[in-house]
Structure formats: structure tokens, C-alpha cells
Amino acid sequence: QLQLVESGGGAVQPGGSLRLSCAASGFIVDYYTIGWFRQAPGKEREGISCISSSDVSTSDSVKGRFTISRDNAKNTVYLQMNSLKPEDTAVYYCAARFGVFRICNSAHFHYWGRGTQVTVSA
């Protein structure tokens with residue numbers, strides 16, 4: 001019923017850009033907080049950026065390089081990633097929880113997509 005599907009991942013050189021999409025179905029994203037998270041091999045899942053109807057938060061590790069946005073007409077959330085670095089290599093996930101929630105931590109999100117791979121290498 002409630003589903004999230006990520007797309008837009010791929011391989012890119014350092015300094016390049018990608019835009020990830022999170023398409024939602026079965027719910028209205030404007031009523032939910034949507035977050036982008038990533039997990040690299042051997043590392044914990046990291047909160048990247050979260051957006052709700054009234055607020056946006058971004059982690060220090062990507063601030064100034066990544067931008068989250070939402071298109072309510074398309075019921076889709078995006079993550080624009082610029083100036084990519086090798087350490088950005090990870091599987092990127094989007095997730096959702098009902099209402100406005102400002103803590104961008106994976107433990108607080110209930111609905112998850114399957115992820116999309118981002119690889120940054122020369």
C-alpha cells in the first residue's frame with residue numbers, strides 16, 4: 001500500500017553530480033516527513049537530509065553539496081548531489097514517517113525503499 005521507490009543512482013567521477021528520485025505511492029508526501037539515508041559497506045546507516053511540509057534538515061557531511069526538494073504534484077522527493085566525493089559511495093535509501101518530524105535519524109522512520117547504488121570513483 002505505502003511504497004517508496006528510489007531511482008537515479010549510478011557511477012560518476014569525483015566532482016560530478018547525480019539527482020536521486022524517491023517516488024511515493026499509497027500516501028501523500030505532503031503529509032509525511034521524507035528522509036534520504038545512505039549506507040556504505042561496514043558503516044552505519046547515515047541520515048543525509050529530511051524534508052517535511054514545513055522544514056528541511058541536512059547533515060554536516062553533505063551540507064552545501066546536496067539539496068533535498070519535493071514536488072507535491074508528482075508526489076516525489078529528490079536529492080540533488082553535487083561535488084560528489086569517493087566517500088559518498090553508498091546505497092542511498094529514502095524513507096517516510098507520518099507528520100512533521102525534524103530528527104533525521106533512521107530509527108524514527110518506518111517505511112523504506114529498497115535503495116539505489118551511488119558509486120563515485122576515478
Side-chain angles (χ1 to χ4, degrees):
Q1 183 74 350
L2 198 157
Q3 188 174 0
L4 297 162
V5 179
E6 304 96 334
S7 63
V12 65
Q13 294 183 340
S17 298
L18 288 171
R19 189 177 74 157
L20 306 183
S21 298
C22 176
S25 61
F27 69 103
I28 305 299
V29 298
D30 191 48
Y31 299 156
Y32 285 71
T33 300
I34 309 296
W36 282 101
F37 303 84
R38 68 185 182 187
Q39 188 164 23
K43 297 183 179 179
E44 296 183 0
R45 188 165 295 184
E46 176 188 8
I48 299 302
S49 189
C50 293
I51 188 169
S52 70
S53 61
S54 60
D55 196 35
V56 172
S57 63
T58 305
S59 71
D60 291 339
S61 64
V62 304
K63 193 171 297 182
R65 299 189 297 120
F66 293 9
T67 303
I68 194 169
S69 62
R70 182 181 65 203
D71 187 336
N72 288 336
K74 296 182 178 180
N75 212 39
T76 299
V77 175
Y78 303 96
L79 184 68
Q80 179 66 48
M81 305 187 296
N82 298 325
S83 301
L84 283 161
K85 304 174 181 179
E87 50 263 45
D88 295 319
T89 296
V91 177
Y92 284 70
Y93 301 88
C94 65
R97 62 162 290 144
F98 181 75
V100 175
F101 197 75
R102 296 181 59 190
I103 302 174
C104 198
N105 186 294
S106 63
H108 299 106
F109 287 77
H110 312 123
Y111 309 104
W112 291 82
R114 295 177 179 177
T116 185
Q117 177 71 46
V118 172
T119 302
V120 185
S121 65

Asn75 (side chain) donor-acceptor with Ala24 (main chain) under 3.5 angstrom:
yes
Would you say Phe109 ends up clustered with Ile51 if hydrophobic residues are merged whenever their side chains have heavy atoms under 4.5 Å apart, either directly or through other cluster members?
no
Check the hydrophobic clustering (I, L, V, M, F, W, Y; side-chain heavy atoms under 4.5 Å; chains of links allowed) and say if Tyr93 and Ile34 are grouped together.
no
If you round to the nearest 0.5 Å, how far is CD of Gln13 from OG1 of Thr119?
13.0 Å
Any donor-acceptor pair under 3.5 Å linking the side chain of Thr33 with the backbone of Gly99?
yes
Ser61 and Ser59: side chain donor to acceptor below 3.5 Å:
yes
I'd like to know if the side chain of Glu6 and the backbone of Thr116 have a donor-acceptor N/O pair within less than 3.5 Å.
no
Without swapping roles, check the side chain of Gln80 against the backbone of Arg19 for a donor-acceptor pair under 3.5 Å.
no
For Ala90, does its backbone N or O pair with a side-chain atom of Gln39 as donor and acceptor, under 3.5 Å?
no
To check you understand the geometry: which heavy-atom pair defines the closest contact between Leu20 and Gly9, and what is its length?
CD2-N, 3.6 Å
Report yes or no: do Phe27 and Trp36 belong to one cluster of Ile/Leu/Val/Met/Phe/Trp/Tyr joined by side chain heavy-atom distances under 4.5 Å?
yes
Looking only at heavy atoms, which two atoms of Thr58 and Ser49 are closest? And how far apart?
OG1-OG, 3.2 Å
Derivation and outcome, side-chain contact (heavy atoms from CB on, under 4.5 Å), residues Thr89 and Gln117:
CA-CA 8 Å; Thr89 296; Gln117 177 71 46; 4.0 Å; yes
Between Asp88, Val118, Val120, which is the residue that forms a side-chain contact (heavy atoms from CB on, under 4.5 Å) with Leu18?
Val118
So do the side chains of Leu79 and Arg38 get within less than 4.5 Å of each other, counting heavy atoms only?
no
So which heavy atom on Cys50 is nearest to which on Gly35, and how close?
SG-CA, 3.6 Å
OH (Tyr111) with more than 12 external heavy atoms under 6.0 Å
no
Would you say Ser53 and Val100 make side-chain contact, with heavy atoms under 4.5 Å?
yes
For Phe37, is the NZ or CZ atom of Arg45 found under 6.0 angstrom from the centre of its six-membered ring and inside 45 degrees of the ring axis?
no
Counting N and O atoms only, with roles assigned by atom type, does the side chain of Arg70 sit under 3.5 Å from a partner on the main chain of Ser52, one being a donor and the other an acceptor?
yes
Calculate, to the nearest 0.5 Å, the distance between atoms CG and OG belonging to Asp30 and Ser54 respectively.
9.5 Å
Can Val56 be reached from Val29 by stepping across I, L, V, M, F, W or Y side chains whose heavy atoms are under 4.5 Å apart?
yes
Would you please classify the geometry between the His108 ring and the Phe101 ring as parallel, tilted or perpendicular, with 30° and 60° separating the classes?
tilted
Identify the two heavy atoms, one from Ser17 and one from Ser83, that lie closest to each other, and give their separation to 0.1 Å.
OG-N, 4.3 Å
State yes or no: do Val91 and Ile68 share one hydrophobic cluster built from I, L, V, M, F, W and Y residues joined by side-chain heavy-atom distances below 4.5 Å, directly or via other members?
no
